[in-house]
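Accompanying notes for the structure given below.
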Amino acid sequence: MRKLLPLIGTPSGSHPGGRSAMTCRFRCGDACFHEVPNTSSNEYVGDVIAGALSRRSMMRAAAVVTVGAAGAGAVGVGQAPPAGAAPATAGTTPAADAAAAAARRKHKGARGLRFAPVAPNTTDAVTVPDGYGQNVVIRWGEPILRGAPAFDPEKQTAKAQAGQFGYNCDFLALLPLPGERGRQLLVANHEYTDEILMFRGYDAANPTREQVEVAWAAHGLSAVVVEGDRKTGKLTAVSRHQLNRRVTVTTEFRLTGPVAGSKLVRTSADPTGTKAFGTLNNCSGGVTPWGTTLHGEENFNQYFANASRDTDKRYGVGTGASERKWERFDKRFDVAQEPNEVHRFGYVVEFDPYDPESTPRKHTALGRFKHEAATVRLTQDGRPVVYSGDDERFDYFYKFVGSKRMRHGSSRAVREHNLSLLDEGTLYVAKLTGDSPALEIDGTGKLPKDGEFDGSGQWIPLATATAKGAVSHVDGMTAEEVFVFTRLAGDKVGATKMDRPEDIEPNPVTGKVYVALTNNTNRGVGSNAKADEANPRHANKHGHVLELTERWNRPESTKFAWSLFLVAGDPDDPATYFAGFPKDGVSPISCPDNVAFDPYGNLWISTDGAQLGSHDGLFGVATRGERRGELKQFLTVPKGAETCGPIIQDRRVLVAVQHPGEIDGASVEKPASTWPDGPGKHVRPAVVAVWRADGSDIGV
């Protein structure tokens with residue numbers, strides 16, 4: 001009988017697995033507990049997808065040698081090793097078992113994934129494979145600007161926080177720093193604040209102005225130079241470097257593209273409609289080929305109060321007071337007083353980390369919705385294509401195809417040209433279709449007869465922005481309305497409702513695009529849409545990953561093929577699927593969120609709110625070859641934390657450990673975690689670097 005990687009039960013007092021109510025409250029404003037904003041009659045993704053068209057053989061799995069789930073060597077700093085799992089085998093006889101074991105010793109996994117997988121656990125630490133080291137690169141509150149004081153959580157001020165690393169880091173980018181040997185430039189998003197874990201004795205009903213202004217300063221972005229240790233993979237922040245920078249809720253931004261100057265974004269503070277202040281709830285993002293970073297404004301709706309319009313309802317903006325009560329201290333967060341301020345959030349932000357004097361931009365041509373990410377791929381003639389998901393149950397995913405070509409060089413003229421690339425082009429939304437028998441999809445996740453969940457789709461144009469103006473492709477909506485109320489445009493053209501589209505990223509090796517669909521527990525519940533081929537399970541609490549292939553592998557194509565690459569969950573559950581790889585050789589995974597790639601084209605997946613009783617983590621999975629679908633857990637994060645912003649380099653992996661200790665009932669006075677600095681210290685979100693102790697490449 002095969003032995004599965006163990007699933008961890010819920011010890012008393014530990015994080016039970018899954019996102020806590022506290023996280024839901026502060027991160028997304030309890031989005032999943034409110035009415036679904038999308039009330040359109042559009043088909044759900046599987047309602048129009050009949051099923052599998054390709055006949056790629058599931059029999060391939062029988063020829064693939066399974067990989068042992070040796071997690072016993074995984075250790076967390078300052079913690080005892082978690083219980084390991086016995087190696088798994090697929091053989092049914094002693095001889096077959098011996099042959100499989102010999103094959104495992106010879107081939108320990110796909111190149112880039114040759115490490116002993118970490119076993120599921122509930123350890124209050126960052127747990128990494130045996131033979132790997134780690135360090136905390138930078139924590140919330142560490143000073144990065146000149147004049148910023150050392151972190152003192154008992155005496156925190158807005159002025160101090162504005163010069164310190166922000167809270168709840170999410171997306172990470174690590175950029176080259178020419179001329180400074182051993183140094184790189186780290187850029188981080190700061191998605192949201194949890195005031196209960198920041199301030200001792202915090203009164204949620206009556207926050208003080210100082211607390212609110214500290215929170216404003218703790219949002220946004222950080223740029224900080226980091227230096228690598230020559231003997232290890234350790235990274236250390238270089239404080240007060242000239243390129244270090246903070247962007248906050250009060251930083252000036254430039255609105256660009258088709259909405260700039262529109263009456264829909266004019267406010268009393270900015271009657272021109274071209275200058276916005278601040279960025280909110282930056283989740284994932286991307287790095288551009290021209291050397292800037294992109295950042296998606298996601299759950300911006302939760303910061304605004306007293307909304308009443310149907311357009312606000314479609315975006316989930318509340319009718320009463322906001323959770324943080326910011327509207328008490330700045331009227332721009334009160335929709336009743338400043339109805340257009342909310343229209344200035346929900347965009348993709350572009351940031352130039354090499355120019356500390358530059359003004360960040362909000363690119364309205366990429367549409368306004370809850371952007372989880374913004375990742376770039378160039379066409380053959382050098383035009384940018386940007387993919388982005390709208391992180392909401394039953395909402396859509398999009399791409400933008402630019403009309404201007406990237407220029408090469410480092411002159412100011414070239415840089416200014418490239419900074420305008422995302423202001424002209426066409427915005428599309430995805431529609432998925434298919435034609436296989438619906439009777440083969442029964443809600444259990446059982447594969448259809450051909451052994452795969454797959455189909456085809458098209459990109460539907462919404463609007464095109466040019467230097468001379470913008471044109472709408474949606475009946476009954478102007479171009480400005482399409483770009484400001486993009487969700488409504490998607491409704492009108494019949495876009496396909498998806499299960500929380502989060503990070504979307506093209507594989508730099510193969511060109512295939514991967515879409516993380518985190519979960520949707522409403523699937524098949526009550527009057528909600530039933531299971532279908534693209535969403536094959538009722539009450540889908542574990543999520544799945546979609547693999548999309550653009551026609552002719554050209555990113556500007558308007559047609560694509562798709563398949564479900566992973567259907568997440570316990571491998572012992574028949575509802576799961578790992579691209580046809582034998583399930584006794586994979587790690588359990590739940591709730592895929594951010595994705596990234598290593599130099600070999602393997603997909604790396606970080607999770608958010610895992611529903612298997614263990615902590616969230618980072619996983620690597622082969623996307624091609626005979627080991628396609630082989631998924632292995634690389635690390636886990638501490639109690640209450642989420643794994644974010646993965647970066648996988650040749651010899652280093654970086655992750656953002658977001659909201660550690662964010663467990664119901666926790667507070668500064670009663671912490672649920674002691675990470676990263678031990679008992680008696682504030683729990684602090686941080687960036688962690690992981691490397692191989694012998695100095696070799698990761699997973700090779």
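Everything numeric in this text was worked out from a predicted model, so none of it was measured.
- Looking at residues two or more places apart in sequence or on another chain, you find no salt bridge (charged side-chain N to carboxylate O under 4.0 Å, His left out) involving E327.
- Cation-pi geometry between K362 and F253 is met: under 6.0 angstrom from the ring centre, within 45 degrees of the axis.
- By the side chain to side chain donor-acceptor pair (under 3.5 Å) test, Y428 pairs with no residue at all, sequence neighbours left out.
- Looking at residues two or more places apart in sequence or on another chain, you find a side chain to side chain donor-acceptor pair (under 3.5 Å) between E341 and R332, R344.
- Remark: N168 engages no residue in a side chain to side chain donor-acceptor pair (under 3.5 Å) (not counting sequence neighbours).
- Among residues at least two apart or in separate chains, salt bridge (Lys or Arg N to Asp or Glu O under 4.0 Å) pairs with a member in residues 475-490 are D390-R487, E392-R487, D395-R487.
- Here the side chains of L422 and F400 are in contact, with some heavy-atom distance below 4.5 Å.
- Remark: D334 engages N306, Q337 in a side chain to side chain donor-acceptor pair (under 3.5 Å) (not counting sequence neighbours).
- Take R405 and apply the side-chain contact (heavy atoms from CB on, under 4.5 Å) test, not counting sequence neighbours, and it matches D381, R383.
- Considering only residues two or more places apart in sequence or on other chains, F369 meets the ring pair (Phe, Tyr, Trp, His ring centres under 6.0 Å) condition with H371, Y398.
- Screening residues 498-517 for ring pair (Phe, Tyr, Trp, His ring centres under 6.0 Å) gives Y514-F565, Y514-F597 as the qualifying pairs, with residues at least two apart or on separate chains.
- With sequence neighbours left out, the side-chain contact (heavy atoms from CB on, under 4.5 Å) criterion links K446 to D442, T444.
- Partners of D312 under the salt bridge (charged side-chain N to carboxylate O under 4.0 Å, His left out) rule, at least two apart in sequence or in another chain, are R309.
- A search for salt bridge (charged side-chain N to carboxylate O under 4.0 Å, His left out) contacts involving R624 returns nothing, not counting sequence neighbours.
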